[in-house]
There are 2 protein chains.
Amino acid sequence: MTTRPEPVYLKIKNELLDRIRNGELRPGDKVEHEEIIAQQYDCARATVHRAIRELAEEGYVERKRRAGTRVASAGTRATRVTIPLVRQEIEERGASYRFTVLEQSVRETPQAIAENLGVERGTKALYLRCVHFASDIPFQLEERWINLEMVPEAEHANFDQINPNEWLVQSSPYSEAAHFFSAQNANAEQASTLNVLENDALFVIERRTHLGGKAITYAQLLHPGANYRMTAKNFSFSTKN
Amino acid sequence: MTTRPEPVYLKIKNELLDRIRNGELRPGDKVEHEEIIAQQYDCARATVHRAIRELAEEGYVERKRRAGTRVASAGTRATRVTIPLVRQEIEERGASYRFTVLEQSVRETPQAIAENLGVERGTKALYLRCVHFASDIPFQLEERWINLEMVPEAEHANFDQINPNEWLVQSSPYSEAAHFFSAQNANAEQASTLNVLENDALFVIERRTHLGGKAITYAQLLHPGANYRMTAKNFSFSTKN
DNA sequence: ATTTCTAATATGTCCATACATATTCAATCT
DNA sequence: AGATTGAATATGTATGGACATATTAGAAAT
């Protein structure tokens, strides 16, 4: 198998990472200066810099000017989590997707929701409740509030063909989002909607979406715990293997 | 307030991100070529390259040679999750930390565990069960298996002063880890240990740790759902604000 | 019309150099 | 001793050039 030449910065990065992983370089240890590594690999300092900068971004080393680079103290691990669109997630499992809107009404926001939307309590907002099915089995219950001050068109939007999340993604694709993950017991209503038993554990994703400091929407996405498992992916891989 | 001059690559990155966020650049739209942007900002192409490369790593744009750069189709969002050491997590909440080892024994691995450890079913491994307390309230129940083929010292390690996770982190700080998140109902034993009711929802973190393709340990970290909420952090911020 | 080849092109990597800036360490002054 | 100052130094950003490589669009051949 002819292997394409690995970029030098990746080679340096991976070899450093290996040394960190196998314990040759331990937390607190100093990493050689960029210039010295550049000599060792016979490359430019910028190339070494990129390698070590990426390791720093991924949390493996810590850098300080003049002080140099040290292996970071281990323990806390940063991983990458991808929150997909429900439809994608379902179709990737080889199941067919459909959804139904159980409720769609303009309501006064209760305290907890108002806080999440950053509006005064009692401000009118669009409340939505949907179920998303994977091959006709309930997969996700979505309870959503949309800030009509930010997205007034939502009030008369039609969610027969397109689900609220995808509709919102169209209107402002890359708004800023904050996510929280937790576990809850299903209440009677949630249980019957998701076709599980009351008190069954649910995996909950909360999402708050902003644009320019103002909240667009707040959603709770509830999944039957028995089916649902979220996977975190690592940042970098030593290609050696 | 005298503000230090923003690096050019960040200025470019943030201004592009703003254009993507506010909808001026929509998914599928082409971003100007690096050389053109370099002219606009009167900087080198390498500077533009870094700005756009970071946007690509964070999932905002997609790049192809010759084809150019396009705003990525929105929807799936990548976020960063940090899994801290229990002790840190508890102390950061201003609570005092202590833990107790409920069980520590060498056992034959059952099927499910053997799969996670990548060993033959029935291989001996160290089984550990610990509770971690936040100001004397049970915070996390840890059920762990350690592969003694990889870490034989663990068999006679003393977990009175240092908890198993921190002990393992010392022995191989930056092994590779895979994480999974899910929700489970507490069984009777878990419930009494965590001082919650049977069937209460638990937030579960599973962690599988490898080194050079071989599993070191597999752990389930169970948290009472009522207390626990995991927060995902975004990658980049437009500094404009 | 379809396939095959070829040239154009935008991104990907890299270099050699330069200067900026945070931080340390040592020398100097109180 | 303690505070202040200043030089040394490792990283951070940037330049302007070069070549590599994937991919596309168009030309040529079937």
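Chain letters run A, B, ... following the sequence lines, proteins first and then strands; every chain starts at 1.
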**Request:** Taking the side chain as every heavy atom from C-beta outward, state whether B:Q88 and B:R93 have any atom pair closer than 4.5 Å.
**Result:** no
**Message:** Between A:G68 and A:R53, which residue's closest nucleotide on DNA chain D lies nearer the 5′ terminus?
**Reply:** A:G68
**Message:** Nearest heavy atom decides the nucleotide; on that basis, is A:Y41 or A:A67 closer to the 5' end of DNA chain C?
**Reply:** A:Y41
**Message:** Nearest to the side chain of B:R45, heavy atoms from C-beta on, is which of D:dG12, D:dA10, D:dA18?
**Reply:** D:dA18
**Prompt:** Distance check: side-chain N/O of A:R50 vs OP1/OP2 of C:dT13, anything under 4.0 Å?
**Reply:** yes
**Asked** How long is the line joining CD of A:E54 and C1' of D:dG12, in whole Å?
**Response** 15 Å
**Asked** Taking NE2 from A:H33 and P from C:dA22, how many angstroms apart are they, rounded to a whole number?
**Response** 19 Å
**Message:** Any side-chain N or O of A:H49 below 4.0 angstrom from OP1/OP2 of D:dG12?
**Reply:** yes
**Prompt:** Between A:K11 and A:E6, is the closest basic N to carboxylate O distance under 4.0 Å?
**Reply:** no
**Value in whole Å for how far the C1' atom of D:dG16 lies from CD of B:Q39** = 14 Å
**Item:** Spacing between A:E35 atom CD and C:dC15 atom P, to the nearest angstrom
**Value:** 14 Å
**Message:** Does D:dT13 have its OP1 or OP2 closer than 4.0 Å to a side-chain nitrogen or oxygen of B:T47?
**Reply:** no
**Request:** Round to the nearest Å and state the distance from A:E62 atom CD to C:dT23 atom P.
**Result:** 13 Å
**Request:** Give the nucleotide from the list D:dA14, D:dT11, D:dG16 with an atom nearest to the side chain of A:R63.
**Result:** D:dT11
**Message:** Taking the side chain as everything from C-beta on, heavy atoms only, tell me whether B:R19 gets closer than 4.5 Å to B:V31.
**Reply:** no
**Asked** So, is A:R65 near the phosphate of C:dT21, with a side-chain N or O under 4.0 Å from OP1 or OP2?
**Response** no
**Message:** Can you see if the side chain of B:R66 gets near the phosphate of D:dA22 - specifically, an N or O under 4.0 Å from OP1 or OP2?
**Reply:** no
**Fill in**
Among C:dC14, D:dA22, D:dT11, the one nearest any side-chain atom of A:T69 is D:dT11
**Prompt:** Relative to B:F180, does A:R229 satisfy both conditions: NZ or CZ under 6.0 angstrom from the six-membered ring centre, and within 45 degrees of the ring's axis?
**Reply:** yes
**Prompt:** Tell me: NZ of A:K11 to P of C:dT13, nearest whole Å?
**Reply:** 16 Å
**Nearest-Å distance for atom pair CD/P, residues B:E32 and C:dA10** = 13 Å
**Message:** Check this one for me: any side-chain N or O of A:Y9 less than 4.0 Å away from OP1 or OP2 of C:dT13?
**Reply:** yes
**Prompt:** Just by distance, with hydrogens left out, do B:H132 and B:E142 show a side-chain donor and acceptor under 3.5 Å apart?
**Reply:** yes
**Prompt:** What is the distance, rounded to the nearest whole Å, between atom CD of A:E6 and atom C1' of D:dA20?
**Reply:** 16 Å
**Request:** Verify the contact: side-chain N or O of A:K64 to OP1 or OP2 of D:dA10, cut-off strictly under 4.0 Å; return yes or no.
**Result:** no
